[in-house]
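Notes for the one structure printed next.
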Amino acid sequence: MSEAAVILCPGQGAQVVGMGRLWCERFPAAREIFAQADEILDDSLGAPLSRLCFEGPTERLNQTDVSQPAIFVTSVACGRAIEHELGGGIAAAGLSLGEYTALHLAGVFSFADALRLVAQRGRFMQEAAEASRGSMVALIGADEAQALAVCERAARGRVLVPANFNAPGQIVLSGDADACGDAVTAAEEIGLRATPLAVAGAFHSDLMRPAAQRLGQALDAVELAPPRFPVVSNVTARPHEGGADTMRRLLVAQITSPVRWSQSCEWLGANASGRYHELAPGRVLTGLMRRINREIKVVNHDQPDS
């Protein structure tokens, strides 16, 4: 009998050419998910999603409109392949995009509906990024108060906000590109290290508001069921509750709000006792958990066991 499972679902940035290929080669359930995804998305990405995942090119896979559905499908395929290990799941959380994977696994929306939403979300976010001049910068060693202080020093009327609370001492700022550049200097002035990130835009900031508005309209057209087990919201760092309208509101807010991943994992650690599993692709969440709570050991499923 499998242990109770807490499921961690990766977000954008975990993509890599070749992801999901071994899962498909070894597990018919994973292969079926990719086949369904290719049929649902058809030629909307310029090539079958499976080909983009397995063969690239890297430049196309890294574009937001492709990377988001690619990661979602790879994670679901992995989850279907190890369904016996996950059982029914007792709780789940996903980093930004990964929240959609977690909600799908909890039965909130069907695979087809979730994939279409994720593909729209990626396209809306890419178009919002192309319409603005945004960037992101990582602060090393900062707490929330220090991150806010850097934003206050560097913003000067421009958009600059904390976007990701990834782990203790690891916070990402997002906003206007020039403000992000000034944030590097402002951080150094108060003794912090800051590193500009190679990203397509200012995700989880107000520069994504056009994407949030369009996503709201897309969500209104999709039926949402109550989750079968708790799924932690990135916005509140608490499980989704209060019905479909509240879930829709939080998923829209997530586009422009900070991702409280560290706090979400703290909630899981205090409330969800079970074996933790990070779905493919990548090992980002396993690494972050070591910084958040060393007592929690995560089983990583980037590749199938040999």
Side-chain angles (χ1 to χ4, degrees), residues 10-15 45 58-72 94-100 117-140 142 144 146-167 170-189 192-218 234-235 250-262 284:
Q12 192 169 346
Q15 70 274 2
L45 302 177
T58 298
E59 295 76 13
R60 185 68 181 113
L61 185 61
N62 283 343
Q63 290 181 302
T64 301
D65 66 321
V66 172
S67 62
Q68 293 199 17
I71 291 165
F72 169 76
L95 182 69
S96 190
L97 156 72
E99 190 171 332
Y100 287 77
L117 275 175
V118 165
Q120 288 173 304
R121 181 182 186 269
R123 179 163 53 85
F124 297 159
M125 291 175 70
Q126 177 165 309
E127 289 173 359
E130 290 171 353
S132 60
R133 189 169 170 273
S135 189
M136 303 178 81
V137 59
L139 297 181
I140 308 301
E144 185 165 354
Q146 290 171 314
L148 290 170
V150 170
C151 290
E152 188 175 352
R153 281 176 176 235
R156 296 201 295 274
R158 301 165 297 190
V159 173
L160 184 65
V161 293
N164 294 74
F165 295 94
N166 287 330
Q170 190 177 124
I171 297 174
V172 177
L173 306 182
S174 179
D176 176 86
D178 290 336
C180 285
D182 290 344
V184 174
T185 302
E188 291 170 351
E189 289 172 352
L192 300 171
R193 285 193 297 124
T195 305
L197 301 179
V199 293
F203 300 130
H204 299 289
S205 80
D206 205 51
L207 295 180
M208 289 291 112
R209 190 156 301 281
Q213 291 168 343
R214 296 169 73 189
L215 182 65
Q217 295 171 352
N234 283 202
V235 175
L250 287 173
L251 288 172
V252 171
Q254 191 223 63
I255 297 285
T256 56
S257 300
V259 172
R260 294 192 172 273
W261 183 252
S262 184
V284 171

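What you are looking at is a predicted structure, and each value in this text was computed from that prediction instead of being measured.
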Glu130, CD: over 12 other non-hydrogen atoms inside 6.0 angstrom: yes

Do you see a donor-acceptor pair shorter than 3.5 Å between the side chains of [X] and [Y]?
{"X": "Gln12", "Y": "Thr64", "result": "yes"}
{"X": "Gln63", "Y": "Arg60", "result": "yes"}
{"X": "Ser96", "Y": "Arg121", "result": "yes"}

Taking all atoms of both residues into account, what is the closest heavy-atom pair of [X] and [Y], and its distance?
{"X": "Ala253", "Y": "Val235", "result": "C-CG2, 4.1 Å"}
{"X": "Val184", "Y": "Val137", "result": "CG2-CG2, 3.8 Å"}
{"X": "Ala129", "Y": "Ala200", "result": "CB-O, 3.5 Å"}
{"X": "Ser67", "Y": "Leu97", "result": "O-CD2, 4.5 Å"}
{"X": "Ala14", "Y": "Pro10", "result": "CB-CB, 4.0 Å"}
{"X": "Val118", "Y": "Tyr100", "result": "CG2-CB, 3.7 Å"}

Just how far is it from atom [atom1] of [X] to atom [atom2] of [Y], taken to the nearest 0.5 Å?
{"X": "Gln120", "Y": "Arg214", "atom1": "CD", "atom2": "CZ", "result": "9.0 Å"}
{"X": "Met125", "Y": "Gln68", "atom1": "CE", "atom2": "CD", "result": "5.0 Å"}
{"X": "Leu148", "Y": "Leu173", "atom1": "CG", "atom2": "CG", "result": "9.0 Å"}
{"X": "Arg153", "Y": "Thr185", "atom1": "CZ", "atom2": "OG1", "result": "11.0 Å"}
{"X": "Leu207", "Y": "Ser174", "atom1": "CG", "atom2": "OG", "result": "7.0 Å"}
{"X": "Phe203", "Y": "Ser135", "atom1": "CZ", "atom2": "OG", "result": "10.5 Å"}

For the pair [X] (side chain) and [Y] (backbone), establish whether a donor and an acceptor sit closer than 3.5 Å, ignoring hydrogens and angles.
{"X": "Asn164", "Y": "Asn166", "value": "no"}
{"X": "Ser205", "Y": "Val161", "value": "no"}
{"X": "Glu188", "Y": "Ala186", "value": "no"}
{"X": "Gln126", "Y": "Asp65", "value": "yes"}
{"X": "His204", "Y": "Ser257", "value": "yes"}
{"X": "Asn234", "Y": "Gly94", "value": "yes"}

Cys180 and Leu160: CA distance, side-chain angles, deciding distance, side-chain contact (heavy atoms from CB on, under 4.5 Å) verdict: CA-CA 7 Å; Cys180 285; Leu160 184 65; 3.9 Å; yes

Test side-chain contact (heavy atoms from CB on, under 4.5 Å) applied to Arg260 and Glu144, step by step: CA-CA 11 Å; Arg260 294 192 172 273; Glu144 185 165 354; 3.1 Å; yes

Glu99 vs Val259, side-chain contact (heavy atoms from CB on, under 4.5 Å): CA-CA, chis, key distance, verdict: CA-CA 10 Å; Glu99 190 171 332; Val259 172; over 6 Å; no

side-chain contact (heavy atoms from CB on, under 4.5 Å) between Gln146 and Leu139, intermediate numbers included: CA-CA 9 Å; Gln146 290 171 314; Leu139 297 181; over 6 Å; no

Residues Asp206 and Arg158 bridged, charged N to O under 4.0 Å: no

